[in-house]
Amino acid sequence: MSISSYRPGVYSSYTIIPSYTGTREALPVGIVGTGLGLSQEGPVLVSRGDTLNAGTKLLTAAEILFGAGLGEFWACSLGEDADAAAWGSALEAMEEAGAPTLVVLEKAEEELLGVAKALAEGWSENQQETLIFAGMGGDPEAVGALAGKMNSPRVVLSFGSARPLGAGEESPFWGALALCAAVAVLEDPSVSLTGQELPGLGKVTGASHTQVESLLAAGVTPLCQGGSGAEAVRVLTTSTAMGGSPNRSFSPINSILIVDYVMKALRRSLGSLLRGAKNSQTTLSAVASQLTVLLGDFLDRGIITGFEAPRVQIRADAPEICVAQVAFTAAYLINQIHIRAQIQL
């Protein structure tokens, strides 16, 4: 603190540090459906303030997404007779145009979801992390069986037919879209969506209590009526097994959201160090320090629960490649509290 006066008195200075440092930028969203009401083929960027035709699926989707807080989204409309290959081509075109992180499909057929799953997993391996959302109604056992066939941390399958606020018929698509919107505007990837009202929905026809249990076991996200709107009982991916053995590590959607969030942040931060970087100890130390600071911040915010000191080295067979090894433990949500009481009378 610098003193600019000789006058007696008590002086002070302070710095305000915000206690919450999460991102406020919504994840980019894309929707693929039939008869959305678009006047052109291929992906279209729909922005807040655009004039949309009344009574179209596109307008209803915009009301849900914009109402949740998004400023824009991608949309691609297909014909009713479009096959799985056409849906896959639409997804690829959307990825090339805007690379949305979250994509909602109007249909949840096995062949179509299989194509979408393969694309999402491929993009995610190439640094374009993507999640696919789709909704279903009808027979819960059939939905659970389909989730088992997907078995992917990149596919989210919701159960329940939802009706948007104001008008429209019930459809599983609206439930999946509202769920996607809630995930898109989630500022902290480690915050649970359990019990949170989904945006833009007035009513949902979901599963019975018994059916909810079987759906959760199968990796399906059941939607239910809650207060004045709809909510998700628990938001899950369809990942329930790994290597043929039961493993629910990536079953809660927050697990994959945290991993994606942390890895994106690490890549983005280290990108600035590439400019003018030399094969020197100074560069290695800078990389290690940057990673340590970022991981420490994630630890303080509760996004991760621990990490090891980063190890940075140059590959002996490729001196232009710097390898940074990090190890961290993602936060895992508590979804149940059991009270054990000893009572004396």
Side-chain angles (χ1 to χ4, degrees), residues 15-30 69-72 74 95-103 120-131 153-154 183-193 237 249-250 252-333:
T15 300
I16 297 176
I17 301 176
S19 59
Y20 180 74
T21 56
T23 178
R24 292 184 179 272
E25 182 179 350
L27 296 175
V29 171
L70 277 81
E72 61 184 23
W74 288 91
E95 193 274 339
E96 292 175 0
T101 301
L102 311 176
V103 180
E121 291 179 347
W123 292 333
S124 300
E125 290 175 359
N126 290 307
Q127 323 302 310
Q128 292 288 351
E129 289 85 353
T130 306
L131 285 171
R154 297 291 168 185
V183 172
V185 298
L186 192 63
E187 294 182 352
D188 186 336
S190 62
V191 172
S192 173
L193 287 169
T237 73
S249 299
F250 280 108
I253 195 172
N254 296 88
S255 296
I256 195 67
L257 291 176
I258 288 173
V259 171
D260 288 353
Y261 180 84
V262 172
M263 297 310 297
K264 286 179 182 178
L266 296 183
R267 292 200 306 265
R268 185 169 56 247
S269 178
L270 293 184
S272 61
L273 296 180
L274 280 177
R275 291 188 287 272
K278 299 179 180 179
N279 184 340
S280 66
Q281 188 59 45
T282 300
T283 297
L284 301 185
S285 297
V287 171
S289 298
Q290 187 81 334
L291 291 173
T292 301
V293 169
L294 283 169
L295 292 171
D297 177 54
F298 296 144
L299 179 63
D300 292 341
R301 291 160 54 188
I303 295 175
I304 64 175
T305 58
F307 68 94
E308 298 178 4
R311 293 185 294 169
V312 184
Q313 59 187 6
I314 299 295
R315 276 182 51 174
D317 60 336
E320 75 277 10
I321 298 178
C322 172
V323 179
Q325 293 182 316
V326 297
F328 61 88
T329 304
Y332 207 83
L333 301 185

Please round to the nearest 0.5 Å and tell me the distance separating atom [atom1] of [X] and atom [atom2] of [Y].
X      : Y      : atom1 : atom2 : value
Ser249 : Ile256 : OG    : CD1   : 11.0 Å
Gln128 : Thr101 : CD    : OG1   : 7.5 Å
Thr237 : Leu131 : OG1   : CG    : 8.5 Å
Leu333 : Ile258 : CG    : CD1   : 6.5 Å

**Asked** Quick one: side chain to side chain donor-acceptor pair (under 3.5 Å) partners of Glu121, sequence neighbours excluded?
**Response**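 Glu121 satisfies side chain to side chain donor-acceptor pair (under 3.5 Å) with Ser152 once adjacent residues are dropped.
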
**Pairing residues for Ser255 by the side chain to side chain donor-acceptor pair (under 3.5 Å) criterion, not counting sequence neighbours** =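 Checked Ser255 against side chain to side chain donor-acceptor pair (under 3.5 Å); zero matches.
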
Can you sort out the partners of [X] under side-chain contact (heavy atoms from CB on, under 4.5 Å), two or more places apart, ordered by chain and number?
X      : value
Ala120 : Thr130, Ile132, Arg154
Ala97  : Pro43, Trp74
Gln281 : Leu284, Ser285
Ala327 : Glu308

**Prompt:** Can Phe307 and Leu299 be said to form a side chain to side chain contact (heavy atoms under 4.5 Å, CB included), step by step?
**Reply:** CA-CA 8 Å; Phe307 68 94; Leu299 179 63; 4.0 Å; yes

If every non-hydrogen atom of [X] is compared with every non-hydrogen atom of [Y], which pair is closest and at what distance?
X      : Y      : value
Leu27  : Leu70  : O-CD2, 4.1 Å
Ala331 : Thr305 : CA-CG2, 3.9 Å
Gly302 : Ser190 : O-OG, 3.9 Å
Ala26  : Val185 : CB-CG1, 4.2 Å
Ile304 : Leu295 : CD1-O, 3.4 Å

Excluding sequence neighbours, so at least two apart, what forms salt bridge (charged side-chain N to carboxylate O under 4.0 Å, His left out) with [X]?
X      : value
Arg267 : Glu129
Arg315 : Asp317
Glu95  : none

**Request:** Please collect all ring-ring contact (aromatic ring centres under 6.0 Å, His included) contacts where either partner lies in residues 282-305, sequence neighbours excluded, each pair once.
**Result:**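 Applying ring-ring contact (aromatic ring centres under 6.0 Å, His included) to every pair that reaches into residues 282-305, excluding sequence neighbours, yields Tyr261-Phe298.
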
**Request:** With sequence neighbours excluded, give me every ring-ring contact (aromatic ring centres under 6.0 Å, His included) pair touching residues 271-293.
**Result:**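 Sorted result for residues 271-293: empty, none.
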
**Message:** Any non-hydrogen side-chain atom of Val326 less than 4.5 Å from a side-chain atom of Pro310?
**Reply:**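 Contact flag for Val326/Pro310 side chains = yes.
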
**Asked** Donor-acceptor pair, Asn254 side chain versus Val191 backbone, under 3.5 Å?
**Response**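 Side chain of Asn254 to backbone of Val191, a donor-acceptor pair under 3.5 Å: yes, one is there.
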
With a 3.5 Å cut-off and sequence neighbours excluded, list the donor-acceptor pairs that the side chains of residues 269-279 form with protein atoms.
| residue | atom | partner | partner atom | Å |
| --- | --- | --- | --- | --- |
| Ser269 | OG | Gln290 | NE2 | 2.6 |
| Ser272 | OG | Ser269 | O | 3.0 |
| Asn279 | ND2 | Pro319 | O | 3.2 |

**Item:** Electrostatic pair Lys264:Asp260 at N-O distance under 4.0 angstrom
**Value:**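 No, Lys264 and Asp260 are not salt-bridged.
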
